[in-house]
Protein chains: 2
Amino acid sequence: MAEKSVPTRTVTGRALAVLDTFDAKHRRQSLASIARRAELPLTTVHRLVHELENQNALVRGSDGDYEIGSKIWRLGLLASVHSELREVALPYMEDVYQLHNDAVQIAVLDGLRCLIVERIAGSRTLEVISKPGSRLALHATGVGKVLLAHGDAELQKAVLNSLDRFTEQTITDPGILETQLKTIKVQGFAKTQEELAEGAVSIAVPLRGKGGNVIAALGIVAPSDGRDLGKLVPVMQVTGAALSRKLVEAGLGDAARLQAGS
Amino acid sequence: MAEKSVPTRTVTGRALAVLDTFDAKHRRQSLASIARRAELPLTTVHRLVHELENQNALVRGSDGDYEIGSKIWRLGLLASVHSELREVALPYMEDVYQLHNDAVQIAVLDGLRCLIVERIAGSRTLEVISKPGSRLALHATGVGKVLLAHGDAELQKAVLNSLDRFTEQTITDPGILETQLKTIKVQGFAKTQEELAEGAVSIAVPLRGKGGNVIAALGIVAPSDGRDLGKLVPVMQVTGAALSRKLVEAGLGDAARLQAGS
DNA sequence: TCAGAAACTTCCATCACATGAAACTTTAGT
DNA sequence: ACTAAAGTTTCATGTGATGGAAGTTTCTGA
């Protein structure tokens with residue numbers, strides 16, 4: 001189930017561990033910072049980083065800090081989560097966005113979290129917790145709950161055993177969440193009420209691929225201003241179904257190609 | 001100076017060589033294909049690929065083919081060529097695009113080629129030779145000529161010594177190109193006339209960072225339908241200058257952070 | 001201005017881990 | 001059914017990764 005910082009004993013693993021120290025909060029790092037975060041000896045990191053730099057996997061700024069280089073960027077654009085799903089889904093997301101200008105997003109499963117693949121939002125949207133590339137908790141987001149509800153037993157078990165709290169409303173009781181998941185599976189949509197961040201509510205529906213497997217989730221996030229998001233459920237479900245059909249047509253119905261973790 | 005398929009003697013190098021076999025033309029590959037293209041023994045590739053798959057750097061589709069995975073994608077989004085340059089430049093590119101709906105693009109230097117960072121184009125634009133992530137020849141594109149004209153002597157020498165021909169009009173004479181480069185540097189813009197592809201002409205101007213260093217190029221590509229692109233030169237220069245100022249403000253004026261290979 | 005620390009770099013003796021040939025299994029093609 | 005190609009597993013060998021130690025450079029603060 002990954003997620004553990006398995007102290008890989010292979011060189012490739014170490015190299016990836018080095019790259020993995022980079023995230024939205026650490027886009028530029030010093031050598032020492034990389035070493036600390038990767039939990040590897042400074043000398044080893046020093047060598048690896050140099051190698052990665054020579055190959056343009058990392059770039060070194062004039063201040064000595066490293067950041068992700070053009071090679072990784074170029075390769076990343078080839079991922080089908082990026083170009084394909086994005087291309088097919090954007091028009092549909094745009095439609096939903098037009099309704100009330102609420103943030104619209106699509107997510108896939110990535111290990112024990114959900115990975116935001118694409119997102120449309122106005123500039124005046126609340127706090128931006130999620131943007132493409134973010135990985136959020138499965139139990140506190142609409143899209144996450146949908147993916148979790150349709151996930152296998154192993155995944156559910158792993159997630160239910162470690163429910164982090166984010167707000168007053170976050171569901172941390174495995175029993176309650178389990179019941180919700182069952183409802184979500186039956187009703188075909190999930191909702192959250194300020195469970196990840198105060199003032200934000202969401203609705204999400206599954207996107208299905210070949211054979212009806214859930215391969216992604218489509219969600220809408222809005223400020224909790226008393227408006228009844230429930231009214232949007234039918235629209236979301238219709239859009240979700242239409243998009244699902246398109247995804248299968250486009251040959252993206254294969255979960256293995258979109259999803260990530262085991 | 002890279003570019004050569006230096007058969008790296010390091011593990012990290014081999015792993016990157018494996019990843020490097022993926023490009024727009026080879027987004028999904030079998031194990032054997034990867035091995036052939038990386039020029040590595042099948043067994044070795046087999047092991048590396050497995051490792052990369054475990055770390056989600058690669059994903060294996062149900063048909064056995066591999067493709068770039070979510071980890072690389074996620075990391076790629078952190079590259080500043082992507083998020084920062086893109087974010088700052090898009091509004092300006094949009095403005096230029098509105099003029100005649102010609103394709104607009106921004107490129108940076110990447111080794112001996114120019115790397116297309118962002119591109120706006122209508123759906124009815126000619127053939128799409130370039131899209132984000134593409135690497136084109138420096139001597140046959142507008143943006144490439146700009147970057148080359150402002151590049152250092154070492155770069156110019158390397159490029160001038162291997163001028164591939166793409167069309168009837170491609171400049172393959174080092175002397176002629178060298179003269180053009182000098183003119184470009186003085187006049188502040190470059191143009192091409194069907195030098196990379198028949199039927200396409202382009203204009204490009206430099207984008208300058210801190211201290212006036214050229215860090216990228218802004219270009220426009222149009223069908224060669226008799227229209228006089230020359231009239232657009234002033235607009236491009238003004239836009240380029242404005243965008244340059246914004247880039248410096250945004251702290252992106254540091255060439256080392258944008259450019260890639262030496 | 002200087003001392004001390006932290007970040008970075010170089011060196012190299014040791015051995016862990018990558019290597020790839022060979023043999024075997026599975027999948028496609030006719 | 002037969003053949004070829006793709007994919008997988010195994011393992012003896014030694015190459016190239018390792019990381020402690022020591023040296024250099026760059027910060028920090030007084």
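Proteins get letters first, then strands, A, B, ... in listed order; numbering begins at 1 in each.
Checking D/dA17, D/dT8, D/dG16 against every side-chain atom of B/R14, the shortest atom distance belongs to D/dG16. Here the side chain of B/A32 is nearest to one of D/dA6, D/dT8, C/dA18, namely D/dA6. Taking every side-chain heavy atom of A/R60 into account, C/dT9 is the closest of D/dA17, D/dG7, C/dT9. Listed nucleotides C/dG20, D/dG7, D/dT18 differ in distance to A/V11; the shortest reach to its side chain belongs to D/dT18. Each of D/dA21, D/dA17, C/dC8 was ranked by its minimum atom distance to the side chain of A/T43; first place goes to D/dA21. For B/R9, the side-chain atoms get nearest to D/dG16 when compared with the rest of C/dG20, D/dA17, D/dG16.
Between B/E53 and B/R60 there is no salt bridge, since none of the side-chain N atoms of the basic residue sits less than 4.0 Å from a carboxylate O of the acidic one.
Distance CG (B/D63) to P (D/dA6): 15 Å, rounded to an integer number of Å. With rounding to whole Å, A/H50 atom NE2 is found 12 Å from C/dA7 atom C1'. Between the CD atom of A/E53 and the P atom of C/dC8 there is a distance of 13 Å, rounded to whole Å. In this entry the distance linking CD of A/E51 with P of C/dA18 reads 14 Å, nearest Å. Between B/L31 atom CG and D/dT9 atom P there is a gap of 11 Å when expressed in whole angstrom units. Remark: P of D/dT10 and CG of B/L42 are 16 Å apart, rounded to the nearest angstrom.
Side-chain nitrogen and oxygen atoms of B/H46 include at least one within less than 4.0 Å of the OP1 or OP2 phosphate oxygen of D/dT8.
No side-chain donor-acceptor contact under 3.5 Å links A/S33 to the backbone of A/Q29. B/H139 places no side-chain N or O within 3.5 Å of a backbone atom of B/L148 that could act as its donor or acceptor partner.
Between B/H26 and B/Y66, the distance from one ring center to the other does not fall under 6.0 angstrom.
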